[in-house]
Amino acid sequence: MTESERTESEAPGGWDAGPGREPWARGRRFDAAVRAYLERRPKATVVALGEGLGTGFWRLDNGRLNWLTVVPPETAAVRRILLPDSARRRTVARAVTDHGWLDAVREPGRGVIVTARGVLMRLPPPAVRALLAACAERFPGGALVFDAPPRRAAVRARWAGGAVGRWPAPVRWGLDRAQLPRVAGAHPGIVAVREVGPPPAVPAGLPARLVWPVRRIPVLGALMPLVCEVRFAPAGSPRRASSAVS
């Protein structure tokens with residue numbers, strides 16, 4: 001294996017290339033959705049919105065995909081120093097709500113899957129609708145994977161953020177499982193919305209003293225974040241009427 005091949009297939013020294021150790025293994029569910037899409041479209045472009053200094057490329061690279069990391073300009077400058085761009089991996093200096101990043105996808109016909117970990121929940125509902133619509137229009141046959149807290153949990157998070165006065169990006173949007181059909185109706189180009197993987201019975205790493213409450217109290221399960229995949233209609237396929245997402 002050449003040095004360039006090694007660099008593209010292994011995370012940089014000292015960086016953790018494993019899935020994010022988030023509560024309830026959300027990172028693994030994102031990875032599973034991306035891998036499944038790449039099995040169908042191995043030359044697809046993966047667009048990681050708000051990835052920061054994440055190393056998902058090294059974790060998911062199949063040797064054929066292209067990878068775009070979309071982060072604000074100040075974060076992009078740091079990322080390009082620590083994780084320089086390469087032939088199949090680039091950093092795009094744009095805010096998520098600046099849809100100019102869609103133009104950076106060079107070959108959308110090969111497939112596009114967008115990941116938005118911790119992103120949509122921090123956008124106001126109109127911005128969520130606009131992002132879904134933009135992706136559906138520009139990436140036929142593509143997909144978008146996102147996470148969102150249930151609405152009750154989102155309200156509590158907003159209250160907590162205001163109380164401490166130190167959260168830079170408050171939670172603005174939540175989604176209940178019963179609302180998934182409304183997401184499917186947000187744009188005519190959306191053909192399906194599914195939850196990625198069943199919610200685990202017990203969150204990974206939960207202290208033993210809390211295992212029983214999680215298993216026995218339904219309301220705790222209702223507060224677990226969702227990981228969802230939105231699928232977009234292939235080019236030329238029939239589209240259905242849209243409805244609002246709130």
Asker: Enter the distance from Cys228:SG to Leu120:CG here, rounded to the nearest 0.5 Å.
Answerer: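 Between Cys228 SG and Leu120 CG, I get 10.0 Å after rounding to 0.5 Å.
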Asker: Evaluate the side-chain proximity of Val78 to Thr75: yes if any heavy-atom separation is below 4.5 Å, no if none is.
Answerer: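 Not touching, per the 4.5 Å side-chain cut-off.
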Asker: Minimum heavy-atom separation for Pro125 to Arg172, with atom names?
Answerer: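 That closest heavy-atom pairing would be CD-O, 4.2 Å.
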Asker: Grab the two heavy atoms, one from Gly111 and one from Arg41, that are nearest each other, plus how far apart they are.
Answerer: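 Heavy atoms of Gly111 and Arg41 come nearest at N-NH2, 3.3 Å.
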Asker: Using side-chain heavy atoms (C-beta onward) and a distance below 4.5 Å, is Leu60 in contact with Trp67?
Answerer: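 Of all side-chain heavy-atom pairs linking Trp67 with Leu60, at least one is under 4.5 Å.
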Asker: When you compare the side chain of Val171 with that of Arg122, does any pair of heavy atoms fall below 4.5 Å?
Answerer: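 Touching, per the 4.5 Å side-chain cut-off.
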Asker: Quick one: closest heavy-atom pair of Val119 and Gly50, and the distance?
Answerer: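 Shortest heavy-atom separation between Val119 and Gly50 comes out as CG2-CA, 4.3 Å.
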Asker: Side chains of Pro149 and Met121: does their closest heavy-atom pair fall under 4.5 Å?
Answerer: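 Side-chain contact under 4.5 Å: yes.
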Asker: Do Val46 and Phe57 have side chains that get closer than 4.5 Å, going by heavy atoms?
Answerer: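 Of all side-chain heavy-atom pairs linking Phe57 with Val46, none is under 4.5 Å.
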Asker: Quick one: does Asp147's side chain have a donor or acceptor within less than 3.5 Å of a partner on Val227's backbone?
Answerer: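 No: the side chain of Asp147 does not pair with the backbone of Val227.
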Asker: Okay, side chain of Asn62, backbone of Leu38: is any donor-acceptor separation there less than 3.5 Å?
Answerer: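 It does not hold such a pair.
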Asker: Applying side chain to side chain contact (heavy atoms under 4.5 Å, CB included) to Arg138 and Asp103, what does each step give before you reach the verdict?
Answerer: CA-CA 9 Å; Arg138 296 288 296 274; Asp103 297 327; 2.7 Å; yes
Asker: Between Asp176 (side chain only) and Ala178 (backbone N and O only), is there a donor and an acceptor less than 3.5 Å apart?
Answerer: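 No, because the side chain of Asp176 does not come within donor-acceptor range (under 3.5 Å) of the backbone of Ala178.
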Asker: Holding to side-chain contact (heavy atoms from CB on, under 4.5 Å), I want the full list of residues that pass it with Ala148, two or more places apart in sequence or in another chain.
Answerer: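 With sequence neighbours excluded, Ala148 shows a side-chain contact (heavy atoms from CB on, under 4.5 Å) to Phe146, Trp173, Leu175, given in chain and number order.
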Asker: To the nearest 0.5 Å, what is the distance between OG on Ser86 and CG on Asn66?
Answerer: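 Ser86 OG to Asn66 CG: 9.0 Å, rounded to 0.5 Å.
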Asker: Rounded at 0.5 Å granularity, tell me how far CG in Leu180 sits from CG in Leu226.
Answerer: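 Here the rounded value is 6.5 Å.
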Asker: Hey, are Glu107 and Lys43 close enough for a salt bridge, meaning a charged N less than 4.0 Å from a carboxylate O?
Answerer: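 No, no charged N to carboxylate O under 4.0 Å.
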Asker: At what distance, to the nearest 0.5 angstrom, does CD of Glu51 lie from CG of Leu68?
Answerer: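 Answer for the CD-CG pair, Glu51 versus Leu68, is 10.5 Å.
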Asker: Please round to the nearest 0.5 Å and tell me the distance separating atom CG of Leu65 and atom OH of Tyr37.
Answerer: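 It comes to 12.0 Å.
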Asker: Are any side-chain N or O atoms of Arg80 and backbone N or O atoms of Thr91, one a donor and one an acceptor, separated by less than 3.5 Å?
Answerer: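 Checked: pair present.
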Asker: Mind listing the closest non-hydrogen atom pair of Pro234 and Pro140 along with its distance?
Answerer: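 Taking every non-hydrogen atom into account, C-CB, 4.0 Å.
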Asker: Out of curiosity, Arg90 CZ to Arg106 CZ, how far, rounded to the nearest 0.5 Å?
Answerer: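 Answer rounded to 0.5 Å: 3.5 Å.
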Asker: Is there a side-chain contact between Leu83 and Arg89 (heavy atoms, below 4.5 Å)?
Answerer: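 Leu83 vs Arg89: side chains touch.
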Asker: Are the charged groups of Arg29 and Glu229 less than 4.0 angstrom apart, N to O?
Answerer: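 Not counted as a salt bridge, because no side-chain N and carboxylate O are separated by less than 4.0 Å.
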Asker: Mind listing the closest non-hydrogen atom pair of Ala127 and Thr97 along with its distance?
Answerer: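 Of all heavy-atom pairs spanning Ala127 and Thr97, the closest is CB-CG2, 4.3 Å.
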Asker: Are Val71 and Val114 in one and the same hydrophobic cluster, where Ile, Leu, Val, Met, Phe, Trp and Tyr link if side-chain heavy atoms are under 4.5 Å apart?
Answerer: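 Hydrophobic grouping puts Val71 apart from Val114.
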Asker: Over all heavy atoms of both residues, which pair between Ala33 and Ile113 is shortest? Give the atoms and the distance, please.
Answerer: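 For Ala33 versus Ile113, the nearest heavy atoms are O-CD1, 3.9 Å.
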Asker: For residues Asp31 and Arg59, determine if any side-chain heavy atom of one lies less than 4.5 Å from a side-chain heavy atom of the other.
Answerer: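 In contact.
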Asker: Taking the basic N atoms (NZ, or NE/NH1/NH2) and the acidic carboxylate oxygens, is any pair closer than 4.0 Å for Asp61 and Arg88?
Answerer: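 Yes, Asp61 and Arg88 are salt-bridged.
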Asker: So do the side chains of Phe232 and Val191 get within less than 4.5 Å of each other, counting heavy atoms only?
Answerer: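 Not in contact.
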